[in-house]
Amino acid sequence: QQLRVTGVTVTPVALRDPPLLNSAGVHQPYALRCVLQVRTDAGITGIGEAYGDGPTLQRLRSVASLLPGLDVFDLNGLWQRVQVALGQAVPGTPTELAGAANAARTVATTFAAFEVPLLDVQAKAVGRPVSDLLGGAVRDAVPYAAYLFYRWGRHPVDPGYPADDWGEALSVDGILTQARRMVDEYGFRSLKLKGGVFPPAQEVEAVMALREAFPDHPLRIDPNANWVVPTAMMVAAKLHEVLEYLEDPVGGVYAMAEVARCTPVPLATNMCVTTFAEVPKAVAAGAVSIILADHHFWGGMRQTQVLAGLCRTFGLALSMHSNTHMGISLAAMTHLAAATPEVSYACDTHMPWQREDVVEPGVLGFSDGAVRVPEGPGLGVSIDQDALARLHEQYQGCGIRRRDDVAAMRVAVPDWTGKRPRF
């Protein structure tokens with residue numbers, strides 16, 4: 001019996017986002033995502049989550065109009081329909097810190113958005129978790145890392161925007177306080193600092209303080225390519241006995257390779273290697289030791305496992321990148337990481353920063369810094385339709401239609417450009 005798509009609903013949502021600082025600027029008061037619901041003639045609905053900026057929504061809706069009649073097991077047919085829908089359209093402006101837009105990434109990102117709900121339907125139809133479709137779980141729970149940010153206490157963009165209870169973190173003491181809460185509340189066993197915000201010496205001091213406070217926790221720092229090569233070499237020299245890896249200290253494969261030749265610290269990336277076409281150059285140059293995958297822009301869950309095979313072939317390690325996301329993405333990441341043996345480092349997640357979600361509570365949660373693989377069929381999570389409606393209404397009223405950390409920063413720093421590298 002075939003399962004065929006009868007309709008697709010694409011719902012953009014906006015979730016409140018705290019004023020987290022990074023190399024580009026500061027997060028806006030609302031982060032954009034969208035929820036996909038793929039209905040079938042068997043009465044099974046598959047769910048997915050994707051970016052929610054304007055160009056992405058336009059592409060998703062174009063593809064959605066071509067999906068009725070598609071067999072949910074026909075992922076090659078999905079790929080073909082994505083290509084037909086997008087045609088020769090110029091890729092939209094990138095909204096995430098994951099490399100410049102190009103045609104290959106545009107197709108891969110769009111395909112990935114629909115692959116997850118189709119896999120959700122497939123798994124529900126056979127009464128098995130998605131991880132079983134991906135080869136079976138090799139771990140019952142997936143470790144995640146605490147994502148530490150320098151941040152303001154309130155959003156300057158909207159003085160009336162409700163502050164969360166995390167408070168300001170602009171100093172070493174602020175980062176330590178944040179880290180202790182992350183460890184105490186969620187049990188995280190790895191700590192990652194989003195760097196590239198303050199002068200490197202200040203961020204080195206923060207990492208050293210984290211090492212003293214958490215002697216058994218692996219540490220990493222990610223300045224989003226906001227350093228020049230000499231700066232990266234200096235930081236690596238000071239922290240080579242402290243870091244488990246250094247993420248995207250500089251921009252581009254050849255600059256990364258230059259740093260890699262001068263330090264024993266493994267270099268990780270989700271910026272200079274984000275498509276399959278970029279892997280050979282990075283391997284030949286010896287630029288990276290760890291690729292941080294993201295099923296949203298690597299072409300989905302199965303393509304991420306293809307990447308895992310390449311990493312195994314070339315002796316690279318694998319983990320997962322994160323951006324602001326909801327529970328649907330967390331569930332997908334957890335199934336994928338559970339079924340991918342090559343994932344050897346704790347994955348990134350922004351989830352502790354989010355106070356709003358569209359999934360029914362009670363399934364996903366952190367214990368000892370890990371998320372257990374949902375046991376129900378499919379992704380194992382379901383949509384709270386009331387929450388979805390509320391977050392869609394919030395999207396309609398917030399006025400934001402693409403991520404722009406630079407513009408948000410200019411509210412507080414009028415001459416801010418976000419140009420990198422700055423240090």
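In what follows, every heavy atom counts, from backbone to side chain, and hydrogens, waters and symmetry copies are set aside.
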Keeping [X] on the side-chain end and [Y] on the backbone end, is there a donor-acceptor pair under 3.5 Å?
X: Asn224; Y: Asn226; value: no
X: Glu115; Y: Arg302; value: yes
X: Glu278; Y: Thr275; value: yes
X: Trp298; Y: Ala108; value: no
X: Gln305; Y: Leu134; value: yes
X: Arg355; Y: Pro352; value: yes
X: His295; Y: Thr304; value: no
X: Glu342; Y: Leu318; value: no

Under-4.0 Å salt bridge between [X] and [Y]:
X: Arg211; Y: Glu241; answer: no
X: Asp248; Y: Arg420; answer: no
X: Arg403; Y: Asp405; answer: yes

Can you measure from [atom1] ([X]) to [atom2] ([Y]) and round to the nearest 0.5 angstrom?
X: Ser171; Y: Glu205; atom1: OG; atom2: CD; result: 9.0 Å
X: Glu244; Y: Ile290; atom1: CD; atom2: CD1; result: 7.0 Å
X: Arg410; Y: Asp404; atom1: CZ; atom2: CG; result: 7.0 Å
X: Asp17; Y: Cys398; atom1: CG; atom2: SG; result: 11.5 Å
X: Leu364; Y: Thr349; atom1: CG; atom2: OG1; result: 10.0 Å
X: Asn270; Y: Asp222; atom1: CG; atom2: CG; result: 6.5 Å

Report yes if the side chains of [X] and [Y] come closer than 4.5 Å at any heavy-atom pair, otherwise no.
X: Val359; Y: Asp384; value: no
X: Met320; Y: Leu292; value: no
X: Met233; Y: Thr263; value: no
X: Leu170; Y: Phe198; value: yes
X: Met182; Y: Trp166; value: yes
X: Trp227; Y: Pro421; value: no
X: Arg372; Y: Ser367; value: no
X: His296; Y: Ser329; value: yes

Legend entry - More than 12 heavy atoms from other groups under 6.0 Å of CG on Asp184: yes
Legend entry - Other residues, nucleotides, ligands: >12 heavy atoms within 6.0 Å of Gln58 CD: no
Centre-to-centre under 6.0 Å for [X] and [Y], is that the case here?
X: Phe111; Y: Trp79; answer: yes
X: Phe149; Y: His350; answer: yes
X: Tyr144; Y: Phe188; answer: no

Legend entry - Any pair counted as ring-ring contact (aromatic ring centres under 6.0 Å, His included), so long as it reaches residues 231-258, sequence neighbours left out: Tyr245-Tyr345
Legend entry - Audit row: Arg33, Asp357, salt bridge (Lys or Arg N to Asp or Glu O under 4.0 Å) steps and yes/no: CA-CA 11 Å; Arg33 304 294 282 180; Asp357 204 347; over 6 Å; no
Legend entry - Worked verdict on Arg39 versus Thr9 for side chain to side chain donor-acceptor pair (under 3.5 Å): CA-CA 8 Å; Arg39 301 180 298 279; Thr9 302; 2.6 Å; yes
Of all heavy-atom pairs between [X] and [Y], which one has the smallest distance, and what is that distance?
X: Gln202; Y: Tyr150; answer: O-OH, 4.1 Å
X: Glu203; Y: Val197; answer: OE2-N, 2.8 Å
X: Ser131; Y: Ala339; answer: O-CB, 3.7 Å
X: Thr340; Y: Leu336; answer: OG1-O, 2.6 Å
X: Val72; Y: Thr40; answer: CG1-CG2, 3.8 Å
X: Leu67; Y: Arg81; answer: O-NH1, 3.8 Å

Inset, instruction - Only counting residues at least two apart or in another chain, list the ones meeting side chain to side chain donor-acceptor pair (under 3.5 Å) with Asp386. - result: none
Inset, instruction - Under the side-chain contact (heavy atoms from CB on, under 4.5 Å) rule, what do Leu15 and Tyr30 come out as? Steps first, then yes or no, please. - result: CA-CA 5 Å; Leu15 21 154; Tyr30 297 93; over 6 Å; no
Legend entry - Contacts of Glu247 that satisfy salt bridge (Lys or Arg N to Asp or Glu O under 4.0 Å) - sequence neighbours left out: Lys192
Legend entry - Test side-chain contact (heavy atoms from CB on, under 4.5 Å) applied to Cys34 and Val13, Thr11, Asp53, Leu60, the passing residue: Leu60
Legend entry - Of Leu388, Val8, Val10, Asp120, the residue whose pairing with Gln37 passes side-chain contact (heavy atoms from CB on, under 4.5 Å): Leu388
Legend entry - cation_pi(Arg401, Tyr395) dist<6.0 Å, angle<=45: yes
Inset, instruction - For Arg189 and Asp368, run salt bridge (Lys or Arg N to Asp or Glu O under 4.0 Å): C-alpha distance rounded to whole Å, both residues' side-chain angles, the deciding distance at 0.1 Å, then the answer. - result: CA-CA 7 Å; Arg189 299 186 177 185; Asp368 292 329; 3.8 Å; yes
Inset, instruction - Just do the side-chain contact (heavy atoms from CB on, under 4.5 Å) check on Asp348 and Ser319 with the steps written out, would you? - result: CA-CA 8 Å; Asp348 291 348; Ser319 189; 5.8 Å; no
Inset, instruction - Could you walk me through whether Glu168 and Gln178 pass side chain to side chain donor-acceptor pair (under 3.5 Å), step by step? - result: CA-CA 9 Å; Glu168 183 179 270; Gln178 188 181 111; over 6 Å; no
Inset, instruction - Please report the C-alpha distance between Met208 and Leu239 in whole Å, then the side-chain angles of each, then the deciding distance to 0.1 Å, and finally whether the side-chain contact (heavy atoms from CB on, under 4.5 Å) criterion is met. - result: CA-CA 8 Å; Met208 295 302 291; Leu239 297 179; 3.5 Å; yes
Inset, instruction - Could you please spell out the steps behind the salt bridge (Lys or Arg N to Asp or Glu O under 4.0 Å) verdict for Glu356 and Arg390? - result: CA-CA 10 Å; Glu356 299 175 309; Arg390 181 177 60 80; 3.0 Å; yes
Inset, instruction - Let me see the working for Val381 and Glu360 under side-chain contact (heavy atoms from CB on, under 4.5 Å), right down to the final yes or no. - result: CA-CA 7 Å; Val381 296; Glu360 295 277 3; over 6 Å; no
